Number of protein chains: 2
Amino acid sequence: MNDQDPALFALLNEIGIIEQLARNRFERAQPDGLRLPHFTVLNHMVRLGDGKTPGQLARAFQLTKATMTNTLQRLEARGFIRLEPDPDDARAKRVFLTPEGRARREEAVAFTATDLAALAQRADIRADALLAPLRALRTALDRDPRRN
Amino acid sequence: MNDQDPALFALLNEIGIIEQLARNRFERAQPDGLRLPHFTVLNHMVRLGDGKTPGQLARAFQLTKATMTNTLQRLEARGFIRLEPDPDDARAKRVFLTPEGRARREEAVAFTATDLAALAQRADIRADALLAPLRALRTALDRDPRRN
DNA sequence: ACTAGATAGTAAGATATCGAACGAAAGGAG
DNA sequence: CTCCTTTCGTTCGATATCTTACTATCTAGT
């Protein structure tokens, strides 16, 4: 990066590299090939409750429905979630965690927390100070034509 | 995210979403399907000079050589770069910008600069203040050994 | 000079992601 | 009720990325 780049340009560049490194770090640490999107969905359901529709999940993660279909199929094949028909809408489904899914999420959370704590300690990252401005940036980027 | 999440966890989560939104925003604005990795390589060569090897480029972007091979093949097929044998090492190649590649990069830079300027104005992002800590985070992720 | 190991680029196969197109079902206007 | 539009999930084809494996070439140690 040099001085000709607008700061925001350089910032997004840096963010892209960090995302890639962090994703790699997480996925390599998993013994069973659990991918970051899989974990993210499991984590979401533990924290905010399951029983949501695939479409709701897709919107929550800013992904297309097609992508969510793929992720849910993988999670179901691993036995981490269960898909049931929506009693109120014959087009829709509902996604539920299985005990295995919940357990696998706990495992990943525990490991990740340990890893990140060690990282933060070694690198002296003040993550809480960065969080608010990045959320503002996300919100600004988010005002875009809706997808799908 | 709630209070149980370590701040760094939430931070990386936010970064992942921003990366996705920014990539989408860029790629949708291109009229000819130019992808972010393609632009990134063109931009790098304009700013830091061409004539590098694929391996050097892969390292610069933290990508595998295989990924860079793919990107360079696309760029060459579009006529944006030219690959020549390295005179000093028969295993290696050298990557050069074509006039078309340079022009396409200028076009994308111009548009992106305008778009980001508007975004920064709308959102009051202090990108320069965020840049240094994120670079520290990147360096930490890049260096810190994984536990497994 | 030979040989073993490292390095350069590529290929194959996997996965995540997107956009486009689809059938099924719901909802609204008449 | 009928037709039109919207919404839900899925499938298909494309692209970027990774890992693994391969060939060709270079380099160092003996």
Side-chain angles (χ1 to χ4, degrees), chain A residues 16-17 19-41 52-78 81 83-95 144-148, chain B residues 16-17 19-41 51-78 81 83-95 146 148:
Chain A
I17 295 176
E19 192 279 336
Q20 191 186 13
L21 292 172
R23 170 185 298 260
N24 255 308
R25 187 187 190 87
F26 175 88
E27 294 186 349
R28 282 176 184 242
Q30 306 309 314
D32 59 352
L34 189 79
R35 305 290 172 162
L36 188 54
H38 304 170
F39 167 74
T40 305
V41 169
K52 304 227 165 45
T53 69
Q56 286 174 323
L57 293 173
R59 272 177 243 115
F61 297 119
Q62 306 266 19
L63 298 171
T64 62
K65 291 182 301 175
T67 299
M68 189 51 61
T69 294
N70 181 286
T71 300
L72 295 177
Q73 284 171 344
R74 310 263 173 189
L75 285 169
E76 190 179 31
R78 282 168 177 264
I81 63 167
L83 289 171
E84 297 184 3
D86 185 329
D88 299 332
D89 186 337
R91 296 168 302 180
K93 296 179 176 178
R94 297 279 172 178
V95 190
D144 247 357
R146 179 61 35 194
R147 163 178 5 161
N148 238 340
Chain B
I17 296 175
E19 193 278 336
Q20 191 186 13
L21 291 172
R23 170 185 296 260
N24 246 295
R25 187 184 191 90
F26 176 87
E27 293 186 350
R28 286 198 198 201
Q30 305 309 314
D32 59 351
L34 189 79
R35 305 290 171 161
L36 188 53
H38 303 171
F39 167 74
T40 304
V41 169
K52 302 227 166 43
T53 68
Q56 286 174 325
L57 293 172
R59 272 178 243 115
F61 299 120
Q62 307 266 15
L63 298 172
T64 63
K65 291 182 300 176
T67 299
M68 189 52 60
T69 294
N70 181 284
T71 300
L72 295 177
Q73 284 171 344
R74 310 265 173 189
L75 285 170
E76 190 179 32
R78 281 168 178 262
I81 63 167
L83 288 171
E84 298 184 3
D86 186 329
D88 300 331
D89 187 336
R91 297 169 301 181
K93 296 179 177 178
R94 297 278 172 179
V95 190
R146 294 181 310 272
N148 270 3

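In what follows, chains are A, B, ... by sequence order, proteins preceding strands, each numbered from 1. Treat the numbers as computed from the prediction; the structure is a model and nothing was measured. When reading the values below, keep in mind they use all heavy atoms of this one structure, side chains included, and skip hydrogens, waters and symmetry mates.
Within the nucleic acid shown, B:Arg94 has no heavy atom closer than 4.0 Å to any nucleic acid atom.
Look at CE on A:Met68: it is 14 Å from P on C:dG19, rounded to the nearest Å. Atom CG in A:Leu21 sits roughly 14 Å away from atom C1' in D:dT17 (whole-Å rounding). Protein atom CG of B:Leu72 is 16 Å distant from nucleotide atom P of D:dT15, rounded to whole Å. Distance A:Glu76 CD to D:dG9 P: 13 Å, rounded to the nearest Å. Rounded to whole angstrom, the span from the CG atom of A:Leu36 across to the P atom of D:dA16 amounts to 21 Å. Between the CD atom of A:Gln73 and the P atom of C:dA16 there is a distance of 11 Å, given to the nearest Å. With rounding to whole Å, B:Leu57 atom CG is found 13 Å from C:dG9 atom C1'. As a whole-Å value, the separation of A:Lys93 NZ from D:dC8 C1' is 10 Å.
Positionally, the nearest nucleotide of DNA chain C for B:Pro54 lies more toward the 5' end than for the other of B:Pro54 and A:Glu27.
Residue A:Phe26 comes nearest to A:Leu34 through the heavy atom pair CE2-O, 4.1 Å, listed as atom of the first residue, atom of the second, then distance. Across every non-hydrogen atom of B:Thr71 and B:His38, the tightest pair is CG2-CD2, 3.8 Å.
With sequence neighbours excluded, the residues forming a side chain to side chain donor-acceptor pair (under 3.5 Å) with A:Asp32 are A:Arg104, listed by chain and number.
Using a 4.5 Å heavy-atom threshold, the side chains of B:Leu63 and A:Gln20 count as touching. Within the 4.5 Å cutoff, the side chain of A:Pro37 has no heavy atoms near those of the A:Met68 side chain.
Contact check, B:Thr71 against D:dT17: a side-chain N or O comes under 4.0 Å of OP1 or OP2. For A:Thr69, no side-chain nitrogen or oxygen approaches OP1 or OP2 of D:dG9 to under 4.0 Å. Residue B:Arg25 places no side-chain N or O under 4.0 Å from the OP1 or OP2 atom of C:dC18. The shortest distance between the side-chain N/O atoms of A:His38 and the OP1/OP2 oxygens of C:dA16 is below 4.0 Å. A:Gln56 has no side-chain polar atom (N or O) that falls below the 4.0 Å cut-off from OP1 or OP2 of D:dC8.
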Would A:Leu72 and A:Leu57 count as a side-chain contact (heavy atoms from CB on, under 4.5 Å) if you check the C-alpha gap in whole Å, the side-chain angles of each, and the deciding distance to 0.1 Å?
CA-CA 10 Å; A:Leu72 295 177; A:Leu57 293 173; 4.2 Å; yes
>> Working note: A:Val95 + A:Thr53, criterion side-chain contact (heavy atoms from CB on, under 4.5 Å); need CA distance, chi angles, decisive distance, verdict.
In response: CA-CA 6 Å; A:Val95 190; A:Thr53 69; over 6 Å; no
Candidate pair A:Gln56 and A:Arg94, rule side-chain contact (heavy atoms from CB on, under 4.5 Å), full reasoning: CA-CA 10 Å; A:Gln56 286 174 323; A:Arg94 297 279 172 178; 4.2 Å; yes
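In this structure, CG on A:Leu36 lies 13.5 Å from CZ on A:Arg25, to the nearest 0.5 angstrom. Separating the CG atom in A:Asn24 from the CD atom in A:Glu19 is a distance of 9.0 Å, to the nearest 0.5 Å.
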Listing time: all N or O pairs from protein to nucleotides 23-29 of chain C that are below 3.5 Å?
| from | atom 1 | to | atom 2 | distance (Å) |
| --- | --- | --- | --- | --- |
| C:dA26 | OP1 | A:Ala90 | N | 3.2 |

Nucleotide N/O to protein N/O under 3.5 Å, stretch nucleotides 18-21 of chain D:
| from | atom 1 | to | atom 2 | distance (Å) |
| --- | --- | --- | --- | --- |
| D:dC18 | OP1 | A:Gln20 | NE2 | 3.0 |
| D:dC18 | OP2 | B:Thr64 | N | 3.2 |
| D:dC18 | OP2 | B:Thr64 | OG1 | 3.2 |
| D:dC18 | OP2 | B:Thr67 | OG1 | 2.6 |
| D:dT19 | OP1 | A:Arg28 | NH2 | 3.0 |

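Distance from the side chain of B:Pro37 is smallest to D:dA16 among D:dA16, C:dT15, C:dG9.
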